[in-house]
Visitor: 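Just passing along the structure, written as structure tokens.
Along the sequence shown, residues carry numbers from 1.
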Amino acid sequence: MEDKSTPSPGDIIEFEASLRRNPVVETIESLLDILAMAILFEDDPTKSQKQKNKQAQTSDNQKMKSQMEAFCEKLKAGNTIDLTAEGLRNNYTAVVTLETEFLNDPTMSDVVDGRFCVVGKVIRSIVKGTESISLIRKTALSKIPQPVLHGVLGGLSQLATEPGFAIPKLDYEIQGPAIQVIPIAIYA
């Protein structure tokens, strides 16, 4: 990508950027890890009444964890996963859609740590203020009306502003200017 260029679908481009995992998936996975750790550190009760109360609480925590795991699996459904790259030339943001079968590491720790060059084909280009690229487009959440979706995910997005939480800003749509790219190569 060059300064003052407008990428079009079909263009082969190269850019350098720091890649981030899909913030919706990353937030849910982070909350799952926190919940799993909290369950690990629950005390074993010693008294019968405390035991009943604790078992009820534990089953609620376990139930919530299993629900969040199922939700996370639905978010990651399909054979692709999205990475985002901000701050490209001309203030573009890129959504890099990867085929999971080509990943060396399913956790993508080797792709999201550092700065990488991406060579890929543009499959969608959005100018400012027209459309957006949904990071939940492959899920049932994409069928929910925008105000309802904002209410559902709004509580999670507030965690990103709380001090002490290292959770990414919960963007489920990438506003223009943006491009969606199918990578040919990602290299350091």
Visitor: Where do Met68 and Leu35 come nearest, in terms of heavy atoms and distance?
Guide: SD-CD2, 4.2 Å
Visitor: Excluding sequence neighbours, so at least two apart, what forms side chain to side chain donor-acceptor pair (under 3.5 Å) with Thr80?
Guide: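 Listed in chain order: Lys138.
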Visitor: Would you confirm whether Asn22, through its side chain, and Val24, through its main-chain N or O, come within 3.5 Å as a donor-acceptor pair?
Guide: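 Yes, because the side chain of Asn22 sits within donor-acceptor range (under 3.5 Å) of the backbone of Val24.
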Visitor: Are Ile133 and Ile144 in one and the same hydrophobic cluster, where Ile, Leu, Val, Met, Phe, Trp and Tyr link if side-chain heavy atoms are under 4.5 Å apart?
Guide: no
Visitor: Verify the neighbour count for atom CG of Asp33: are there more than 12 heavy atoms of other residues, nucleotides or ligands below 6.0 Å?
Guide: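 Yes, because the 6.0 Å sphere around CG of Asp33 holds more than 12 heavy atoms from other groups.
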Visitor: Identify whether Phe15 and Tyr92 are in the same connected component of the hydrophobic contact network (ILVMFWY, side-chain heavy atoms under 4.5 Å).
Guide: yes
Visitor: Here's a test for you: under side-chain hydrogen bond (donor to acceptor under 3.5 Å, both in side chains), which of Gln67, Glu69, Gln62 qualifies with Lys65?
Guide: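 Exactly one option meets the side-chain hydrogen bond (donor to acceptor under 3.5 Å, both in side chains) with Lys65, and it is Glu69.
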Visitor: Would you compute the distance between atom CD1 of Ile184 and atom CD1 of Ile12 and round it to the nearest 0.5 angstrom?
Guide: 4.0 Å
Visitor: Hey, any chance Leu135 and Leu32 share a hydrophobic cluster, counting ILVMFWY side chains that come within less than 4.5 Å of each other, even indirectly?
Guide: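 No, because Leu135 and Leu32 fall into different hydrophobic clusters, even though each may have its own neighbours under 4.5 Å.
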Visitor: First locate atom CD1 of Ile81, then atom OG1 of Thr100, and finally report the distance between them rounded to the nearest 0.5 Å.
Guide: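 The distance works out to 8.0 Å.
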Visitor: Applying side chain to side chain donor-acceptor pair (under 3.5 Å), name anything that partners Glu131, two or more places apart in sequence or on another chain.
Guide: Arg124
Visitor: How would you list, by chain and number, every residue that makes a side-chain contact (heavy atoms from CB on, under 4.5 Å) with Glu16, sequence neighbours excluded?
Guide: Arg115, Cys117
Visitor: Salt bridge check, Arg137 against Asp82: does any charged N sit closer than 4.0 Å to a carboxylate O?
Guide: yes
Visitor: To the closest 0.5 Å, what do you measure between OG1 (Thr93) and CG (Asn91)?
Guide: 8.0 Å
Visitor: Sequence neighbours left out, what passes side chain to side chain donor-acceptor pair (under 3.5 Å) with Gln180? Give chain and number order.
Guide: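 With neighbours one apart ignored, the set is Thr97.
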Visitor: Are any non-hydrogen side-chain atoms of Ile179 and Pro7 less than 4.5 angstrom apart?
Guide: yes
Visitor: Got a sec, which residues hit side-chain contact (heavy atoms from CB on, under 4.5 Å) with Thr139, two or more places apart in sequence or on another chain?
Guide: Leu75, Ile136, Leu141
Visitor: Could you walk me through whether Val96 and Ile182 pass the side-chain contact (heavy atoms from CB on, under 4.5 Å) test, one step at a time?
Guide: CA-CA 6 Å; Val96 181; Ile182 301 294; over 6 Å; no
Visitor: Please give me the minimum heavy-atom distance between Val119 and Glu14, naming the atom from each residue.
Guide: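 In terms of heavy atoms, the two residues are closest at CG2-CG, 3.9 Å.
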Visitor: Working to the nearest 0.5 Å, report the span between CG of Leu83 and CG of Leu98.
Guide: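 Taking CG in Leu83 and CG in Leu98, the distance rounds to 4.5 Å.
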Visitor: How far apart are the closest heavy atoms of Gly120 and Val181, and which atoms are they?
Guide: CA-CG1, 3.7 Å
Visitor: Minimum heavy-atom separation for Ala178 and Gln175, please, with both atom names.
Guide: CB-O, 3.8 Å
Visitor: Is Phe116 reachable from Ile13 through a run of hydrophobic residues whose side-chain heavy atoms are each under 4.5 Å from the next?
Guide: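 Per the 4.5 Å side-chain linkage, Ile13 and Phe116 are co-clustered.
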Visitor: Should Phe71 and Tyr172 be counted in the same cluster of Ile, Leu, Val, Met, Phe, Trp and Tyr side chains packed under 4.5 Å apart?
Guide: yes
Visitor: Are Val127 and Pro177 side-chain neighbours, meaning at least one heavy-atom pair lies under 4.5 Å?
Guide: no
Visitor: Which heavy atom in Asp11 sits nearest to a heavy atom in Thr6, and how many Å separate them?
Guide: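 The pair with the smallest heavy-atom distance is OD2-O, 4.3 Å.
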Visitor: Show the nearest heavy-atom pair for residues Ser125 and Ser8, with the distance to one decimal.
Guide: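 Taking Ser125 first and Ser8 second, the nearest heavy atoms are CB-CA, 4.4 Å.
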Visitor: Does Ile174 reach the side chain of Ser132, with side-chain heavy atoms less than 4.5 Å apart?
Guide: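 No. Closest side-chain heavy atoms not under 4.5 Å.
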Visitor: Just jot down the side chain to side chain donor-acceptor pair (under 3.5 Å) partners of Lys128, sequence neighbours excluded, or say none.
Guide: none
Visitor: Counting only N and O atoms by type, is there a donor-acceptor contact under 3.5 Å from the side chain of Thr84 to the main-chain atoms of Val95?
Guide: no
